[in-house]
Each structure stands twice: as C-alpha cells, then as structure tokens.
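Okay, so here's the structure we're looking at.
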Amino acid sequence: MLRTTGGYWDPVLWIIGFIVIAIIAYIIRGFGRKDYKGGEQLKPYLSGVEEPSKEEVHIRAGNIYWGFMEALKGYYDAMMKIHTGIINDYIAWFVGISALLFIAVFLVEVI
Amino acid sequence: MIYNIPFYTVVALILIGLYAMLFKRNLIKIAIGLTILESGVNLFLITLGYRKEGVAPIYTNLPSGIDVPDKMVLPVPQALTLTSIVIGVAVLALVLSITMMIYRHYGTLDSRKVRRLKE
Amino acid sequence: MNVDWLLEHSPALIIVLPLLAAFLTPIIDKFSKKARNAFVIAVLIIEEILVIFLAHDVFTNGIHIYTMGAANPTETVPAQAAVPIRIVLEVDGMSIFMALISATVSLAAAIYSLAYIEEEKGKGKFYTLLLLVLVGMLGMELTGDMFNMFVFLEVLSIACAALIAYRSHFGDSVEGAFKFLIISSIAALFVLFAIALLYAQYDLLNIAALASAINYTHLDKIALVLLIAAFAMKCGAVPMHFWTPDAYSVAPSSITAMLVAASQASLYALFRVCFTLYGVTLNLATIGAVIIIFGLLSMFVGVTMAIPQKDIKRLMAYHAISQTGYMLLGVGVGLYLLTKPEFSSYGIKAMEGGIFHIINHAMYKGLLFLTAGAIYYRLKTRNLNEMGGLGHSMKYTSIFFIIGALAIAGIPPFNGFASKLLIYEAAYKVSPILSIIAMLVSILTLASFVKVFHSAFMGPKIHDVEEVPKSMLAGMAVLTFVIILFGLFPGWVVSNIVHPAAQALADQAAYIQAVLGG
C-alpha cells in the first residue's frame with residue numbers, strides 16, 4: 001500500500017475490485033439472449049456496398065491523428081521549424097538557454 | 001596586470017571556440033571549434049595552478065635553498081589538465097573518424113546538408 | 001575473502017569489475033564467441049548481485065564511504081591534510097538507487113543483444129563498449145568527487161557515441177553519433193569549466209567538502225548555471241532536447257535502452273549538484289522554478305512532438321523526453337519547497353514521485369525500446385507506415401509492448417500509475433495547473449501509444465514473420481518482471497528504496513558529515 005499526499009493507492013485491492021466488477025459484468029452478460037449469433041446485424045453498415053477486405057482498409061500510422069495535427073497546425077509548424085536537425089542550431093539553443101539561466105540567476109538578486 | 005593575461009586568453013579561446021561551433025557550417029571546423037574551446041578550459045585549469053617561482057613537488061629533485069613546502073606547487077591542477085587533455089584527444093579522434101564516415105555516406109561536410117534526422 | 005571484506009570494498013569493485021571485464025572481452029572474443037557471451041553475461045550478473053548487496057547495506061546502515069588508495073577505506077581525510085585529497089566514492093541512498101537502475105538495464109540489454117546483434121560485425125567491441133557505458137554510469141553515480149564525475153561523464157559519452165555509430169553502414173547512424181558526441185563534449189567542457197571555477201575558489205574537488213565550504217558567491221553562481229545547463233542538456237530537457245531523438249532512434253535498440261539509463265545518470269548529476277553541492281545556499285525558489293519550467297516544457301513539447309512521428313524509435317525517444325519532464329517536475333517541486341515547512345508533508349512526496357518515476361521510466365522505456373528493436377529485427381524498418389499485423393505472429397512481443405505502453409501511460413495497476421499519482425497530488429498543492437498539464441500529457445502519451453499499437457501490431461497479417469529469438473524475449477522479460485513487481489507492490493518499493501533515496505538527496509548535512517566527520 002502506497003501512502004500519497006491525499007490518500008493511498010493499493011494495486012492489490014484495485015485488482016480484487018477489478019475482478020469483482022468483471023465477475024458482475026459477466027453475470028449481467030449472462031442475462032442476455034444466448035441464441036443471438038450472427039446475422040446481418042453484426043456486419044458494418046455500408047449502404048449496401050460490399051465490405052472491402054481488411055488488408056485494404058488498415059489505417060497506416062501516417063493517417064492517425066490527422067485531425068489533431070490539423071487543429072494544432074500553427075503549433076506544429078512552429079515546432080517543425082525549430083527541429084532543424086542542424087548541429088549548429090542545437091549548440092545555439094544550449095548557449096542561449098545558458099544565457100537565459102544567467103539572467104534568471106543574477107536578475108533575481110538585483111530585484 | 002600581467003598575471004591576468006592568461007585569463008583574458010581563456011575567455012578569448014572559449015569565445016572563439018563557441019563562435020566556430022555556432023557559425024561554421026563545416027563539420028571539421030566544428031571539431032576545430034570544440035578543440036579550441038577545450039584548450040581554453042585546459043588553459044584555465046593550468047593557470048589556476050600557477051605559482052610565482054614555484055618548483056615541481058618532487059622531494060628528491062629539489063634545487064638547493066628552496067623552502068619546503070612553501071615554494072612547491074600543488075600538482076592537482078596539472079593532473080586535472082593532463083587527464084582533460086587525454087580525454088580531449090580521445091574525443092577528437094572519435095569526432096574526426098565519425099566525420100570521415102559522414103563524408104563517405106553523405107558526400108558533403110556541410111552541416112546544413114547532414115540532416116537526415118530532423119523534426 | 002569474506003563477506004565483510006567484500007562489502008567494504010564493494011563500491012570500488014562495482015566500478016572496477018566491468019572496467020576490467022570490458023578490456024578482457026576482446027581477448028576472449030579471439031578464442032571463442034560463446035565464451036565471450038557467457039563471460040559478459042556472468043560479469044553483468046555478478047555486477048547486479050554486488051549492487052543489490054551494497055544497496056541492502058546502504059538502505060539499512062546508511063552512507064557507505066570508500067576512499068581510493070587509503071589503507072583504511074573509511075579514512076577520508078588523511079592525517080597530514082585538513083581536507084579530503086583522495087578520490088572518495090560516496091554511496092548514499094540516491095547513488096545506489098541509480099546504480100540499481102543502471103545495472104538492471106545493462107543486464108537486460110546485454111541478454112537482449114546476444115541474439116539482436118547476431119548478424120553484425122565487431123561483436124567483441126560491441127560488448128566492450130557496452131560494459132564501458134555501464135562503467136561510466138556507475139562511476140558518475142557512485143563517486144563523491146566532482147572531477148571524477150567529469151571523467152566518467154566523458155567515458156560515458158565516448159562509449160555511447162561509439163555505440164550509436166555501431167551500424168556505421170547507415171548514414172543516419174553516424175550522423176546521430178556525431179550530434180551526440182559534439183553535444184556531449186561541449187556539455188562536458190562546460191562542466192569542467194564549472195569544476196575549475198569551484199576549484200579556483202575553494203581548492204577542493206570533493207563534493208561533500210565543497211558543499212560545506214560553498215557560500216554562493218558570484219563565481220559559484222556562474223558555475224551553477226554552467227552545471228545546470230550542461231546536465232539539463234545531457235538529460236534531454238526541452239529546449240535542449242534536439243540531440244535525443246536523433247541519437248536514440250539510430251542506436252541499436254539494446255543500446256537505446258542503455259542510453260535512457262545514461263541520460264538518467266546526468267539527471268542524477270543535476271540533482272546531486274542542486275541538492276547536495278549547493279543545497280540550502282541556493283536561491284531555492286529560482287532554481288526550483290527553473291527546474292519545474294524545464295519539466296513542464298519537456299513534458300508538453302516531448303509528447304506533442306511524439307504524436308506526428310512516423311519512426312517508431314523516434315516516437316519513443318520523444319516520449320523519453322516527456323517522461324524526463326515528470327521527474328524534473330517532481331524533484332523540482334521538492335527543491336522549491338526544500339527549506340519550507342511544507343517540505344516534510346508534500347515536498348518529500350513530490351520528490352519520491354519524481355525519483356520513483358526514474359526507475360519506472362528506465363524499466364518501461366527500456367522495455368519499449370527493446371520491443372521496437374524486436375520489430376526492427378524482423379522487418380528491418382523503423383517506419384510505422386510499413387508495419388501492421390505483427391500481433392498475429394509476434395505474440396510475446398506484443399504482450400510485452402502492451403505492458404510497457406500501459407505502464408508509460410500510467411494505467412493502473414502498472415508502476416507508471418503509482419509514481420505519476422504521487423507527482424500529481426504533490427504538484428497540485430503547489431499549483432493545480434502543474435497537475436493539469438501532467439495529466440494532459442499522460443492522456444496524450446496513451447494516445448500516441450495507441451497509434452503505435454494500432455499501426456504495428458493490429459490489423460491484417462501483412463508481413464510473414466516469426467517470433468524473435470529466445471534471448472531477446474528473455475531480455476524483455478527481465479524488465480517486464482520488474483515492471484509488474486513494482487506495479488503490484490509500490491508501497492514496499494517506495495518505503496524501502498525510493499524514500500531513502502529521496503531522503504538522502506534532501507539531507508545535505510548527512511552527506512557532508514559522512515566524509516568530513518563530526
């Protein structure tokens with residue numbers, strides 16, 4: 001059991017709870033109709049168009065979260081601009097941040 | 001003050017080294033910048049150990065008429081500098097050999113073109 | 001050779017054993033490949049046992065001191081001198097905690113490498129360098145001497161750079177190695193300059209002696225800035241993180257897992273400098289805030305940059321940056337509150353969270369990089385777009401991947417959840433915004449691992465591949481075992497391993513007293 005600032009966390013209890021809930025869910029599932037198997041209801045609805053094979057519709061990584069990146073386009077454009085891949089820029093960031101830290105450490109004393 | 005000249009040199013060397021690493025696009029020049037920066041730091045270390053009219057801290061090899069141990073220099077800064085130089089040589093050798101391999105793969109040493117890894 | 005003797009000399013043995021073994025490896029390699037493999041694994045297992053042995057002693061009896069070259073290893077200050085002049089290895093809770101991480105990750109990486117680099121050339125040198133990386137990490141973590149720390153930092157950098165360039169027939173490998181080496185060397189030179197500045201004022205190199213003498217002059221401040229900037233860059237804090245994805249993505253996967261541990265050695269050095277070397281003399285609010293800002297930036301930029309990545313290892317490398325942010329946040333909150341009365345109530349909890357996250361991250365990120373390596377081993381590509389349906393044939397790898405991904409996203413009951421919970425709750429007390437950002441980052445982490453899992457393991461069977469060899473699975477299993485163990489018993493781990501480490505970091509006086517006495 002792990003004591004945190006606000007309470008505690010016990011994964012063993014959590015797992016026991018998880019199993020109990022899983023059993024309850026399984027029991028509730030048992031109330032359902034057992035004869036319901038197959039049929040048109042299980043197929044995806046594609047307006048009568050024949051379902052394409054799984055190989056054709058596998059979504060590749062490049063297309064996932066397209067919307068997210070489109071929504072944050074401004075942010076991502078700025079980020080891509082920073083990540084130039086040029087070693088001189090990497091060093092420039094290091095020197096720049098060191099300079100900022102100097103200001104942070106010394107300015108506090110002055111004010 | 002004449003004793004401050006090494007420290008000005010240290011600052012100058014470090015700034016020159018950083019300048020080369022920041023604004024020179026040739027990878028070999030970046031390696032040279034690194035070496036100059038390192039020389040600056042090494043010079044700083046060795047200057048710290050300087051003592052006017054000091055002698056090497058070897059008891060069996062002392063010139064006559066020397067106060068022991070007042071005139072002896074502390075050997076620690078020298079030891080640190082030697083270690084640092086040795087490390088610097090190893091780094092430089094590795095940097096140059098990697099640069100050579102980069103030239104073989106990319107056909108250029110321009111840092112703006114050696115950027116297959118980005119974003 | 002009895003047990004007491006072994007215990008007394010174990011700090012030196014821990015560093016010397018892999019160092020000697022590193023240079024024996026190429027000789028054994030000349031005679032037999034199998035003997036070499038057995039030798040390396042045996043050395044790493046002995047190393048792990050030694051570290052656990054010493055850890056047990058440190059956690060029960062407190063700080064362990066070893067003076068190099070002294071007749072009596074606990075005699076730090078020689079009779080003729082007033083200050084410690086020999087190199088002192090000082091092993092406190094935090095040091096040995098980091099050493100445990102380094103030794104475990106190296107063992108898993110070496111077991112994994114047995115099959116992983118089977119088809120490559122120069123395997124003898126590979127293992128030599130692997131052992132040298134371990135030496136560098138352990139040296140940085142166990143030493144109590146600033147200059148010694150610099151030397152091991154350089155050993156670590158050189159060995160890592162050589163290993164990143166191991167697949168030198170690819171252009172991007174050497175490019176990543178070049179960037180890593182230049183960045184590491186410049187950081188190390190800044191560290192050396194800072195050490196020289198400290199030495200110039202106090203004529204001391206020993207951390208404990210320096211800590212008792214330091215009085216935060218202007219030169220000390222310059223040294224502090226140089227040290228923080230250099231170590232923050234070496235641990236991959238945004239906005240000095242650019243080398244991290246470049247180096248992580250091109251190194252062989254087992255080495256990437258070790259690079260994570262190597263970055264954490266720099267993180268350790270950063271904490272050591274802030275807490276032990278400067279300690280209460282610091283302007284705690286400023287430096288604490290600086291580290292918290294580094295943490296927040298790392299978390300957010302790291303995870304958002306991970307989402308659009310198409311290279312699986314590059315994606316994971318950005319996550320490594322993001323997770324480093326959690327550690328910086330947790331420990332930064334601790335530093336911020338160090339002298340305030342709130343420290344004992346939730347500052348120490350925040351530090352426990354940050355430190356617990358270090359070991360959790362080393363384990364699950366190591367595991368994730370190893371699974372990425374397993375995919376690379378079969379498909380010879382890191383491009384996520386070319387993957388798909390691997391779950392059909394690589395069942396164990398996909399199970400390991402799921403465990404790693406759930407752990408990194410902080411899903412209960414895995415270990416990532418426990419440490420993140422500590423950080424969320426403690427950071428909330430400082431400012432709710434910190435916790436909100438931390439939770440948002442956790443959600444985005446899960447999102448991007450869903451992407452990896454979907455595109456690599458799910459979907460129709462595209463590639464006709466087999467499961468990876470057993471030794472690779474064994475390497476992954478070692479880390480998975482630790483993840484599940486830490487996930488199930490976080491309370492035990494925190495009170496027995498993490499709390500002493502956090503306490504050791506916060507207790508500057510005990511660290512000084514152990515060397516200087518009285």
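Each chain gets a letter, A, B and so on, in the order the sequences are listed, and its residues count up from 1.
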- C:Tyr278 and C:Asp220: side chain donor to acceptor below 3.5 Å: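 No, because no side-chain N or O of C:Tyr278 sits under 3.5 Å from a partner of the opposite role on C:Asp220.
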- Task: Please check if any side-chain donor atom of C:Asp311 sits under 3.5 Å from a side-chain acceptor atom of C:Ser249, or the reverse.
- Result: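 There is no such pair (donor and acceptor under 3.5 Å, judged by atom type) between the side chains of C:Asp311 and C:Ser249.
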What part of [X] lies closer than 4.5 angstrom to a heavy atom of chain C: side chain, backbone, both or neither?
{"X": "A:Tyr75", "value": "side chain"}
{"X": "A:Ile82", "value": "both"}
{"X": "A:Leu101", "value": "both"}

Sort out for me which of [options] touches chain A most, counting heavy-atom pairs under 4.5 Å.
{"options": "C:Asn383, C:Ile287, C:Thr304", "value": "C:Thr304"}
{"options": "C:Lys310, C:Lys461, C:Glu175, C:His218", "value": "C:His218"}
{"options": "C:Val493, C:Val494, C:Ile307", "value": "C:Ile307"}
{"options": "C:Ala230, C:Gly459, C:Gly389, C:Pro490", "value": "C:Pro490"}
{"options": "C:Tyr428, C:Phe417, C:Phe414, C:Trp492", "value": "C:Phe417"}
{"options": "C:Val450, C:Ile222, C:Leu384", "value": "C:Ile222"}

Check each atom of [X] against the heavy atoms of chain A and say whether the ones under 4.5 Å are side chain, backbone, both or neither.
{"X": "C:Leu444", "answer": "side chain"}
{"X": "C:Tyr424", "answer": "neither"}
{"X": "C:Glu386", "answer": "backbone"}
{"X": "C:Tyr216", "answer": "side chain"}
{"X": "C:Ile462", "answer": "side chain"}
{"X": "C:Ala285", "answer": "neither"}
{"X": "C:Asn385", "answer": "both"}

- Task: Please determine if C:Arg382 and C:Asp172 form a salt bridge, counting it only when a charged side-chain N lies under 4.0 Å from a carboxylate O.
- Result: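 Salt bridge between C:Arg382 and C:Asp172, a charged N being under 4.0 Å from a carboxylate O: yes.
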- Item | Under-4.0 Å salt bridge between C:Lys349 and C:Glu352 |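 Result for this pair is yes, salt bridge flagged.
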- Neighbour count above 12 (heavy atom, 6.0 Å) for C:Asp464 CG: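 No, not enclosed.
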- Message: Is there a side-chain contact between C:His357 and C:Lys420 in this structure, where contact means two heavy atoms from C-beta onward sitting under 4.5 Å apart?
- Response: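 C:His357 vs C:Lys420: side chains touch.
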Gap between atom [atom2] of [Y] and atom [atom1] of [X] - 0.5 Å precision:
{"X": "A:Asn88", "Y": "A:Trp93", "atom1": "CG", "atom2": "CH2", "value": "15.0 Å"}
{"X": "A:Ile64", "Y": "A:Met69", "atom1": "CD1", "atom2": "CE", "value": "9.0 Å"}
{"X": "C:His241", "Y": "C:Ile183", "atom1": "NE2", "atom2": "CD1", "value": "11.5 Å"}
{"X": "A:Leu107", "Y": "A:Phe102", "atom1": "CG", "atom2": "CZ", "value": "13.5 Å"}

- Task: Heavy atoms only, distances under 4.5 angstrom: which of A:Tyr8, A:Trp66, A:Tyr65 has the most pairs with chain C? Name it, please.
- Result: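 Top option by heavy-atom pairs under 4.5 Å: A:Tyr65.
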- Given the options A:Gly7, A:Ala104, A:Ser98, A:Gly96, which has more heavy-atom pairs under 4.5 Å with chain C than any of the others?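 Sorted descending by pairs with chain C, the first entry is A:Ser98.
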- Look at the aromatic rings of C:Phe242 and A:His83 and report parallel, tilted or perpendicular, splitting at 30° and 60°.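 Perpendicular, since the angle between the ring planes exceeds 60°.
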